[in-house]
Amino acid sequence: MGGEANEKMRIAIVEDDKEAAEKLSGFIRHYGRENGRAFEIAEFRDTASFLFGYKPKYDLVFMDIEMPGRNGMDGAKKLRECDPEVPLVFVTGLMHYAVKGYEVGALDYLVKPYSYEAFAMTFSAAVKKSENAEQSVTVRNMNGYVRIPLSSVYYIEVNKHRVLYHTDGGTVDVWGSMKTAESALPPRLFAKCGASFLVNLSYVRSVEGDVAAVGGDLLKISRSKKKSFLRALGAFVALGGVLV
């Protein structure tokens, strides 16, 4: 989800074979020791348990294709319905299954039995893709979990227990609080212009008096927040931020 290199990557392993899952987990930890990285690993024995109540919180998913019940290919199609962006690596014993993985946007595949060297090459590419991915925030609305790219958010509005993410693709309405919304955002990119508004500083077009033009809207700057908001905006520009 575009985290910094020193953050723990969250990895899901969907593999019905316990021994195969342990081998993959061991390779991941070994890679971490070699490269000074930390990884948080969650293992699932089937796609049903992985997808039940799924939240788009993983930075990388390894999925076996040949599993009982819903196989990895079907599971991947379902995964893409609720998380189109997460990097996915298929693990399989048959090459022709692996090639089909590209139909569901798989990043790569590992063919069993694979060596540590083969794993490391694939894993390095997946780590790089995850780190270069656009930062996003995951929220829950009545339809399930939604991953919102931060670059698409103009500003966030809080009204009682509703949090409205005003984005270039429309408004996403969720339950929550300003505190919860603010804690999930990078402070150098977002700043409050009032008790109810959290603004993406890159979308501030102008500030005139007590009004900030953000995206296509005009937001009132409260007296108590004006000084800190202008300070945050000045720091954003000084650090190379570009106003639209």
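The figures here come from the full heavy-atom set of this structure, side chains too, leaving out hydrogens, waters and symmetry mates.
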Take a 6.0 Å sphere around NZ of K112 and say whether it holds more than 12 heavy atoms from other residues, nucleotides or ligands.
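Atom NZ in K112 is crowded, with more than 12 foreign heavy atoms closer than 6.0 Å.
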For E19, does the CD atom sit with more than 12 other heavy atoms under 6.0 Å from it, leaving out its own atoms?
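Not buried by this count: 12 neighbours or fewer within 6.0 Å.
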My understanding is that only residues two or more places apart in sequence, or in another chain, count here; which of them pass side chain to side chain donor-acceptor pair (under 3.5 Å) with [X]?
X    : value
D64  : none
S25  : E43
Y165 : none
S228 : none

Go through the steps to decide whether V214 and F197 satisfy the test side chain to side chain contact (heavy atoms under 4.5 Å, CB included), and finish with yes or no.
CA-CA 11 Å; V214 183; F197 295 106; over 6 Å; no
Name the orientation class of the two ring planes belonging to H30 and Y116 (parallel below 30°, tilted from 30 to 60°, perpendicular beyond 60°).
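The rings of H30 and Y116 stand perpendicular, inter-plane angle above 60°.
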Determine the interplanar angle of the F44 and Y58 rings, folded into 0 to 90°, and report it as parallel if under 30°, tilted if 30 to 60°, perpendicular if over 60°.
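Judged by the thresholds at 30° and 60°, the geometry between F44 and Y58 is perpendicular.
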Of F229, F236, Y154, which meets side chain to side chain contact (heavy atoms under 4.5 Å, CB included) against V204?
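Going through the options one by one, the only one that passes is F229.
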Donor-acceptor pair, side chain of [X] and main chain of [Y], under 3.5 angstrom:
X    : Y    : result
R33  : G36  : no
K23  : Y114 : yes
N35  : Y31  : yes
S124 : M121 : no

Return the minimal non-hydrogen interatomic distance between [X] and [Y], and the atom names on each side.
X    : Y    : result
L88  : A76  : CD2-CB, 3.8 Å
L107 : A126 : CD2-CA, 3.4 Å
R45  : A21  : NH1-CB, 3.6 Å
I221 : G209 : CD1-O, 4.4 Å

Under the ring pair (Phe, Tyr, Trp, His ring centres under 6.0 Å) rule, collect the residues that match up with Y54, sequence neighbours excluded.
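In terms of ring pair (Phe, Tyr, Trp, His ring centres under 6.0 Å), with neighbours along the sequence ignored, Y54 is linked to F50.
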If hydrophobic clusters are built from ILVMFWY residues whose side chains come within less than 4.5 Å, do L218 and L198 share one?
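No, L218 and L198 fall in different hydrophobic clusters.
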Would you say V211 ends up clustered with L233 if hydrophobic residues are merged whenever their side chains have heavy atoms under 4.5 Å apart, either directly or through other cluster members?
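No: no chain of side-chain contacts under 4.5 Å links L233 to V211.
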Rounded distance [0.5 Å steps], [atom1] in [X] versus [atom2] in [Y]:
X   : Y   : atom1 : atom2 : value
E15 : D46 : CD    : CG    : 11.5 Å
E34 : R29 : CD    : CZ    : 15.0 Å
T47 : L79 : OG1   : CG    : 10.0 Å

By side-chain contact (heavy atoms from CB on, under 4.5 Å) - contacts of [X] (at least two apart):
X    : result
K227 : R231
L164 : E157, R162, H166, T171, D173
T122 : V89, D108, L110
V146 : V139, N141, I148

Checking E81 now: which residues fulfil salt bridge (charged side-chain N to carboxylate O under 4.0 Å, His left out) with it, not counting sequence neighbours?
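Once residues adjacent in sequence are excluded, the partners of E81 under the salt bridge (charged side-chain N to carboxylate O under 4.0 Å, His left out) criterion are K78.
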With sequence neighbours left out, write down each residue that passes salt bridge (charged side-chain N to carboxylate O under 4.0 Å, His left out) with D210, or none if nothing qualifies.
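D210: salt bridge (charged side-chain N to carboxylate O under 4.0 Å, His left out) contacts with K226.
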Could you pull out every donor-acceptor pair under 3.5 Å between side chains of residues 182-192 and any protein atom, sequence neighbours left out?
residue	atom	partner	partner atom	Å
E182	OE1	K192	NZ	3.4
S183	OG	K179	O	3.4
S183	OG	T180	O	2.8

Can you tell me if Y155 and N200 form a side-chain donor-acceptor pair at under 3.5 Å?
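No donor-acceptor contact under 3.5 Å links the two side chains.
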